[in-house]
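Let me begin by presenting the structure, written as structure tokens, before commenting on it.
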Protein chains: 2
Amino acid sequence: MQQYSRDNMAELLRSHDINPTHQRIEIAYALFSRQQHLSADQIMAIVNDRHSETSKATVYNTLNLFLEKKLIREVIVDPNKVFYDPNTQLHHHFYNVTSGELTDIDAEGVTICGLPQLPEGVITEGVDIIVRIRPGATAQAQEQLA
Amino acid sequence: MQQYSRDNMAELLRSHDINPTHQRIEIAYALFSRQQHLSADQIMAIVNDRHSETSKATVYNTLNLFLEKKLIREVIVDPNKVFYDPNTQLHHHFYNVTSGELTDIDAEGVTICGLPQLPEGVITEGVDIIVRIRPGATAQAQEQLA
DNA sequence: ACTCTGAATTAGACAGAGTCCAGATTTTGG
DNA sequence: CCAAAATCTGGACTCTGTCTAATTCAGAGT
Ligand SMILES: [Mn+2]
Ligand SMILES: [Mn+2]
Ligand SMILES: [Zn+2]
Ligand SMILES: [Zn+2]
């Protein structure tokens, strides 16, 4: 899929067994056209930018439906809010603790060695790596000059 | 330190530049004697088990003070609450998504290869690995029999 | 022992994220 | 066009966590 338009959002939703309503298309379009990690709050603001279209309940219902249907994934790094991620490929994250910004790390080529055996009777659901970063000494010094 | 008693909690607090008050000692003792990952809520319940001793405000104030003084660390895996971890060694976690249980993974011997270069002007604050697990097919089958 | 003072604690109001519900609206399909 | 099913909505509610102003506490100095 080259470009994300509201039109191919409907196809995308159908392909994940989701009935494409107006509100669902808008929410999907907010996430997929930007390809960014957004909180429910941010999505609400985007979708209701021009004129109020979608209620808080619908935003949350829709995001939870998208999660359930595995159209998007969630990223838990901030104790105050969940980030929703349109990228469902296996990948990891840089998390800038100062700005709150999340950046993808392609899982291609990243390997983890030496993890212990799993406890008895459980299976792995996924492995997340979060690299917490913050502006470094150099960057701070440069800001001082400005 | 072999055993954790309320007495050596006072020393521990002092060694981290924290004035050891009654409430602070109780909260530290709850975490260190159990060596478990606990939420603020759970700590509140433990500390006030017999008779009410410590207010909600003090529990949160104290946990944030402990964090600031690097006596404990926090673990962000559950969207609904923060877990407080008395283990400040470098380590990772198994997270049982079904039960909510957290288990330590010693960082000794675990290595990550192939992470990309850091973005310009930032430094690493830490790298967290979270292995999400859940009861497996076998375990479920065994439960069926019971 | 008594007093003074800064540190710590407290109850309760408050804020933000997210869920729930019962009623209204929209869509479907016969 | 109509009834049934699906979806959406405002607003009440819950939960985690913070804030504030008033109170209590500890301990140093007398
Ligand atoms: Mn919070
Ligand atoms: Mn929550
Ligand atoms: Zn991502
Ligand atoms: Zn731990």
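Letters go in sequence order (proteins before strands), and every chain restarts at 1. The structure presented is a predicted model; accordingly, all values stated were derived computationally and were not measured.
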Practice task
Measure the distance from CG on B/Asn80 to P on C/dG16 and round it to the nearest whole Å.
Solution key: 18 Å
Problem - Phosphate-side-chain proximity, A/Gln23 and C/dT26, N/O vs OP1/OP2 below 4.0 Å - result: no
Problem - Residue pairs involving residues 77-105 of chain B (criterion salt bridge (charged side-chain N to carboxylate O under 4.0 Å, His left out); sequence neighbours excluded) - result: B/Asp78-B/Lys81
Exercise for the section: Tell me whether the OP1 or OP2 atom of C/dA7 has a side-chain N or O from B/Thr21 closer than 4.0 Å. Expected result: no
Handout entry: Sorted by number, the residues of residues 49-67 of chain A with heavy-atom contact under 4.0 Å to DNA chain C
Key = A/Lys56, A/Ala57, A/Tyr60, A/Asn64
Problem - Residue pairs, two or more places apart or on separate chains, that pass salt bridge (charged side-chain N to carboxylate O under 4.0 Å, His left out) and touch residues 23-45 of chain A - result: A/Arg6-A/Glu26
Exercise for the section: Mind checking side-chain contact (heavy atoms from CB on, under 4.5 Å) for A/Pro20 and listing every partner two or more places apart, or none if nothing turns up? Expected result: A/Ala10, A/Leu13, A/Arg14, A/Ile25
Completion exercise
Those residues at least two apart in sequence (or on a different chain) that pass ring pair (Phe, Tyr, Trp, His ring centres under 6.0 Å) with A/Tyr29 are none
Handout entry: Sorted by number, the residues of residues 25-36 of chain B with heavy-atom contact under 4.0 Å to DNA chain C
Key = none
Fill in the blank from the handout: Between CZ of A/Phe83 and P of C/dA17 the distance, given in whole Å, is 11 Å
Problem - Contact residues, residues 38-48 of chain B to DNA chain D [heavy atom, < 4.0 Å] - result: B/Ala40, B/Asp41
Could you list the donor-acceptor pairs under 3.5 angstrom formed between side-chain atoms of residues 64-71 of chain B and any protein atom two or more places apart in sequence or on another chain?
{"unit_1": "B/Asn64", "atom_1": "ND2", "unit_2": "B/Tyr60", "atom_2": "O", "d": "3.3"}

Fill in the blank from the handout: Among the nucleotides D/dT7, C/dA8, D/dC8, whichever has the atom closest to the side chain of A/Asn19 is D/dT7
Practice task
Please list, chain by chain and in numerical order, all residues satisfying side-chain contact (heavy atoms from CB on, under 4.5 Å) with A/Ala45, sequence neighbours excluded.
Solution key: none
Fill in the blank from the handout: Those residues at least two apart in sequence (or on a different chain) that pass salt bridge (Lys or Arg N to Asp or Glu O under 4.0 Å) with A/Glu125 are B/Arg132, B/Arg134
Fill in the blank from the handout: Contacts satisfying salt bridge (charged side-chain N to carboxylate O under 4.0 Å, His left out) that involve residues 43-56 of chain A (not counting sequence neighbours) are none
Fill in the blank from the handout: Hits for ring pair (Phe, Tyr, Trp, His ring centres under 6.0 Å) against B/His91, two or more places apart or cross-chain, chain-then-number order -> B/His93
